[in-house]
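For the numbers below, each heavy atom of this structure counts, side chains included, while hydrogens, waters and symmetry mates do not.
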Amino acid sequence: VQLQASGGGLVQAGGSLRLSCAASGRTFSTYVAGWFRQAPGKEREFVAAITWSSGNSLYTDSVPGRLTISRDNAKNTVYLQMFSLKPEDTAVYYCAEGGVLSDSVSEYDYWGQGTQVTVSS
């Protein structure tokens with residue numbers, strides 16, 4: 001499984017970004033696509049995840065109401081729309097694939113290279 005994340009960049013506080021993650025080589029075991037982020041000096045943290053089949057989703061509690069995760073099965077692509085961005089959202093955002101809808105890093109077996117999101121104040 002290969003994952004290619006894109007869509008990061010520099011945005012002012014209050015702005016929006018949509019991240020994309022194109023997946024290739026998916027198998028029956030890659031049931032879930034997730035987004036995580038890692039800020040400098042901090043651990044990687046869960047952001048959101050979605051099941052490919054039914055579209056069931058899971059979000060972190062730390063970013064209430066500012067995220068929407070979606071997927072396009074025909075394009076094998078998952079999106080993360082982020083609204084009202086804050087400087088504390090600055091991080092490298094990673095997409096990942098796993099077999100369980102979970103907020104745990106350990107449940108995800110495949111990882112993309114990450115895309116930098118920088119929010120200026």
Side-chain angles (χ1 to χ4, degrees):
V1 178
Q2 291 186 326
L3 303 170
Q4 182 70 42
S6 61
L10 175 63
V11 62
Q12 288 189 333
S16 301
L17 273 179
R18 189 179 79 158
L19 306 182
S20 300
C21 178
S24 59
R26 291 180 52 231
T27 70
F28 67 92
S29 66
T30 54
Y31 179 69
V32 174
W35 286 97
F36 290 76
R37 67 185 182 183
Q38 188 166 18
K42 295 187 177 181
E43 293 187 352
R44 192 167 297 190
E45 65 172 353
F46 172 75
V47 178
I50 190 168
T51 61
W52 284 103
S53 58
S54 62
N56 288 339
S57 58
L58 180 68
Y59 292 93
T60 176
D61 292 334
S62 63
V63 191
R66 298 195 293 114
L67 301 172
T68 300
I69 189 170
S70 60
R71 89 279 189 230
D72 184 330
N73 290 60
K75 295 181 179 180
N76 273 338
T77 300
V78 174
Y79 304 98
L80 181 68
Q81 180 73 56
M82 301 186 290
F83 309 92
S84 301
L85 285 161
K86 302 177 180 180
E88 51 263 43
D89 294 319
T90 294
V92 177
Y93 284 70
Y94 296 91
C95 58
E97 290 266 334
V100 178
L101 187 62
S102 170
D103 61 359
S104 174
V105 170
S106 63
E107 294 289 354
Y108 293 82
D109 302 312
Y110 304 96
W111 293 83
Q113 85 289 359
T115 185
Q116 176 71 47
V117 172
T118 303
V119 184
S120 63
S121 57

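Clustering ILVMFWY residues whenever any of their side-chain heavy atoms sit less than 4.5 angstrom apart, transitively, puts Val47 in a cluster other than the one holding Leu101. Transitive grouping of hydrophobic side chains (ILVMFWY, heavy atoms separated by less than 4.5 Å) brings Trp35 and Met82 into a common cluster. Residues Tyr31 and Val78 do not share a hydrophobic cluster, defined by chaining ILVMFWY side chains whose heavy atoms lie under 4.5 Å apart. Val63 and Leu58 fall into different hydrophobic clusters, where Ile, Leu, Val, Met, Phe, Trp and Tyr side chains are chained together by heavy-atom contacts under 4.5 Å. Residues Val92 and Leu85 do not share a hydrophobic cluster, clusters being chains of Ile/Leu/Val/Met/Phe/Trp/Tyr side chains in contact below 4.5 Å.
Separating the OG1 atom in Thr115 from the OH atom in Tyr93 is a distance of 10.5 Å, to the nearest 0.5 Å.
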### Query
Can you check ring-ring contact (aromatic ring centres under 6.0 Å, His included) on Phe36 and Trp111, steps first, answer last?
CA-CA 10 Å; Phe36 290 76; Trp111 293 83; 5.0 Å; yes

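Under the side chain to side chain contact (heavy atoms under 4.5 Å, CB included) criterion, Ala48 pairs with Tyr59, Ile69, Leu80, sequence neighbours left out. A search for side chain to side chain contact (heavy atoms under 4.5 Å, CB included) contacts involving Ser70 returns Tyr79, not counting sequence neighbours. Remark: Trp52 engages no residue in a ring-ring contact (aromatic ring centres under 6.0 Å, His included) (not counting sequence neighbours). Listed by chain and residue number, nothing satisfies the ring-ring contact (aromatic ring centres under 6.0 Å, His included) test with Tyr94 (two or more places apart in sequence, or in another chain). In this structure, the side chain to side chain contact (heavy atoms under 4.5 Å, CB included) partners of Thr118, at least two apart in sequence or on a different chain, are Leu10, Thr90, Gln116. Contacts of Ser104 classified as side chain to side chain contact (heavy atoms under 4.5 Å, CB included), with partners at least two apart in sequence or in another chain: Ser102, Ser106, Glu107. Partners of Arg66 according to the salt bridge (charged side-chain N to carboxylate O under 4.0 Å, His left out) rule, which considers only residues two or more places apart in sequence or in another chain, are Asp89.
Screening residues 43-90 for disulfide (SG to SG under 2.5 Å) gives no qualifying pairs among residues at least two apart or on separate chains. For residues 44-78, no residue pair satisfies the disulfide (SG to SG under 2.5 Å) rule, not counting sequence neighbours. Within the structure, disulfide (SG to SG under 2.5 Å) contacts touching residues 34-89 (residues at least two apart or in different chains) do not occur. Counting only residues at least two apart or in different chains, side chain to side chain donor-acceptor pair (under 3.5 Å) contacts with residues 38-49 comprise Arg37-Glu45, Gln38-Arg44.
Residues Ala13 and Ser121 come closest through the heavy atom pair CB-CA, 4.3 Å. The nearest pair of heavy atoms linking Ala49 to Tyr108 is CB-OH, 3.3 Å.
Counting heavy atoms of neighbouring residues, nucleotides and ligands inside a 6.0 Å radius, atom CG of Asn73 exceeds 12 of them.
Using a 4.5 Å cut-off on side-chain heavy atoms (C-beta onward), Leu3 and Glu97 make contact.
Within the 3.5 Å criterion, the main-chain N or O of Ser53 finds a donor-acceptor partner in the side chain of Arg71. In this structure, Thr51 contributes its side chain and Val32 its backbone to no donor-acceptor pair below 3.5 Å.
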Pairs of donor and acceptor atoms involving the side chains of residues 15-25, under 3.5 Å and at least two apart or interchain, shall be tabulated with distances.
none

